[in-house]
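Note that the structure is a prediction, hence the values are computed from the model and not measured.
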Amino acid sequence: MQQIQATLDFLNSKTNFFTPEVAIVLGSGLGSFCDNLEGISVKYNEIPHFGSLNVDGHKGELLFCEIFNKKCVIMQGRFHFYEGNSLQVATYPIKVFKKMGVKTLILTNAAGATRNDFNVGDIMLINDHINFMGDNPLIGKNDSSLGERFPDMSEVYDEFLRDIAKNSAKELDIDLKEGVYLAVSGPSYETKAEVKMYHMLGADVVGMSTVPEAIVANYLKMNVLAFSMVTNLATGVGEAKLSHQEVLDCGKFAGGKLSSLLMKILERI
Ligand code: HPA
C-alpha cells in the first residue's frame, strides 16, 4: 500500500491529479492506437515501483488523455512474466489504476490461434480464460482492503461490455470472433503437441499475458474487457515457423482494426 501511494504521488505530480475512469493496456504491435492522441506521457522507468521493459515493440510509457470526454490512461507495453517479472510486478499497474479511480480495464494482446478457422489479423473478444502460467498474481498475504482471499472467477470478462463490443464491431463491419484465451509463461512458443492439447482443453488462442492482469482486476472488482489480435496460427495449426517479427508486423497491419473498434467502444461506454 505504501508503494502504491508513492507511485500515485509521483503520477499525481506529473499529471496534476488526473483521475482516469478507463485504463487500456496495449499489447505487442498495438502502439499505433496512440498515434493521434494527445496527453501527458510518463515513461515507466521514471515511475517509482514500476517494473522494467525489454521486449521490442513496446514503448514503455503511460499516456494520460481524454477520448470522447472520457479520461483514460493507456499503457503502451506491459510487464511480462517471461522477462523475469513476478506476477505481482506484472500486475502492479492495475492496482495503481484502481487507486486512481479506474472502473473499466481494457486489455489487448497478440496471440496465436489454436484453431484453423481463425485467420491472421482476426480480432477475438475474450469471454473466458485458462491460466496455464503455473503461477497466480494473488499468491501471498492477502490485503483484505483490496479484495477477497478467494475471489469468484465466474464472470471475469464483463457481459455488458462484451455486448457493447459486439455491437460496435457490427457497426464497423468487423468480423469479431469470440472465445477462450489460454495464457502460458513463454518465452518459447508452443510445440505442436502443446497447441493440440490446449485446443482440446478449450482454448481458442494462446498467448503470454493478459490473464494475470484480468485476475487482479477481477479481484479489485473492476469491469474487464479484453481482446486478442490473432497475429499467427499457433504451432502446427499453420505451416509457418513462428517469429516475434511476424507478431509485430501483424500488429502494424491489423492493429488499425482493433484501434477503430476500441474507439467505437470508448464512444459508447
Ligand atoms: N503463442 C504464444 N504467444 C503468442 C503467440 C503464440 O503463437 N503469438 C503471439 N503471442
Side-chain angles (χ1 to χ4, degrees), residues 1-12 19-25 27 44 47-52 62 73 75 78-109 111 125-162 179-186 197-198 201-228 269:
M1 281 307 266
Q2 256 172 351
Q3 288 190 350
I4 293 174
Q5 195 53 50
T7 304
L8 268 183
D9 290 345
F10 175 82
L11 291 174
N12 283 336
T19 52
E21 307 158 57
V22 179
I24 304 169
V25 180
Y44 296 164
I47 306 174
H49 309 299
F50 257 48
S52 63
L62 289 183
V73 54
M75 266 191 99
R78 52 158 60 84
F79 305 113
H80 285 99
F81 192 42
Y82 60 68
E83 289 290 344
N85 296 300
S86 68
L87 290 188
Q88 283 75 15
V89 168
T91 56
Y92 181 75
I94 309 301
K95 292 181 183 161
V96 172
F97 297 155
K98 171 75 181 181
K99 280 282 168 209
M100 293 188 110
V102 168
K103 305 264 181 304
T104 301
L105 176 68
I106 304 178
L107 300 167
T108 66
N109 60 59
L125 174 64
I126 299 177
N127 60 21
D128 209 346
H129 74 228
I130 298 172
N131 180 9
F132 226 82
M133 282 187 155
D135 199 352
N136 190 301
L138 302 178
I139 288 176
K141 197 171 175 338
N142 186 50
D143 181 344
S144 58
S145 71
L146 295 179
E148 292 172 62
R149 172 74 296 185
F150 302 107
D152 173 71
M153 293 282 286
S154 58
E155 200 198 325
V156 178
Y157 302 93
D158 188 84
E159 197 171 349
F160 177 72
L161 290 175
R162 279 193 278 134
V180 174
Y181 176 96
L182 182 144
V184 292
S185 69
M197 173 180 73
Y198 296 152
L201 291 178
D204 298 297
V205 298
V206 55
M208 305 174 190
S209 68
T210 302
V211 162
E213 292 124 309
I215 290 173
V216 169
N218 175 70
Y219 162 80
L220 296 169
K221 303 228 179 317
M222 295 164 93
N223 301 317
V224 181
L225 182 64
F227 298 96
S228 288
I269 59 176

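- Between the side chain of E213 and the backbone N or O of T91 there is no donor-acceptor pair closer than 3.5 Å.
- Below 30°, between 30° and 60°, or above 60°: for Y44 and F79 the angle between ring planes is between 30° and 60°, a tilted geometry.
- Nearest approach of N218 to D152, heavy atoms of both residues: ND2-O, 2.8 Å.
- Taking 4.0 Å as the cut-off between side-chain N and carboxylate O, E83 and R78 do not count as a salt-bridged pair.
- No donor-acceptor pair under 3.5 Å is formed between the side chain of D158 and the backbone N or O of L225.
- Side-chain N/O atoms of D143 and S145 include a donor and acceptor closer than 3.5 Å.
- Remark: F150 CZ to N142 CG distance equals 9.0 Å, nearest 0.5 Å.
- Without hydrogens or angle criteria, D204 side chain to V180 main chain gives a donor-acceptor distance under 3.5 Å.
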(request) Please lay out, stage by stage, how F10 and H49 fare under the test side-chain contact (heavy atoms from CB on, under 4.5 Å). (result) CA-CA 10 Å; F10 175 82; H49 309 299; over 6 Å; no
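- Looking at every heavy atom in both residues, I130 comes nearest to G202 through CD1-C, 4.3 Å.
- Between the Y181 side chain and the F227 main chain, no donor and acceptor come within less than 3.5 Å of each other.
- Side chain to side chain, N109 and S209 fail the donor-acceptor criterion of an N or O pair below 3.5 Å.
- The side chain to side chain contact (heavy atoms under 4.5 Å, CB included) with V25 is formed by just one residue from the set V73, T210, L105, T108; it is L105.
- Contact between T104 and V102 at its shortest, heavy atoms only, is O-CG1, 3.3 Å.
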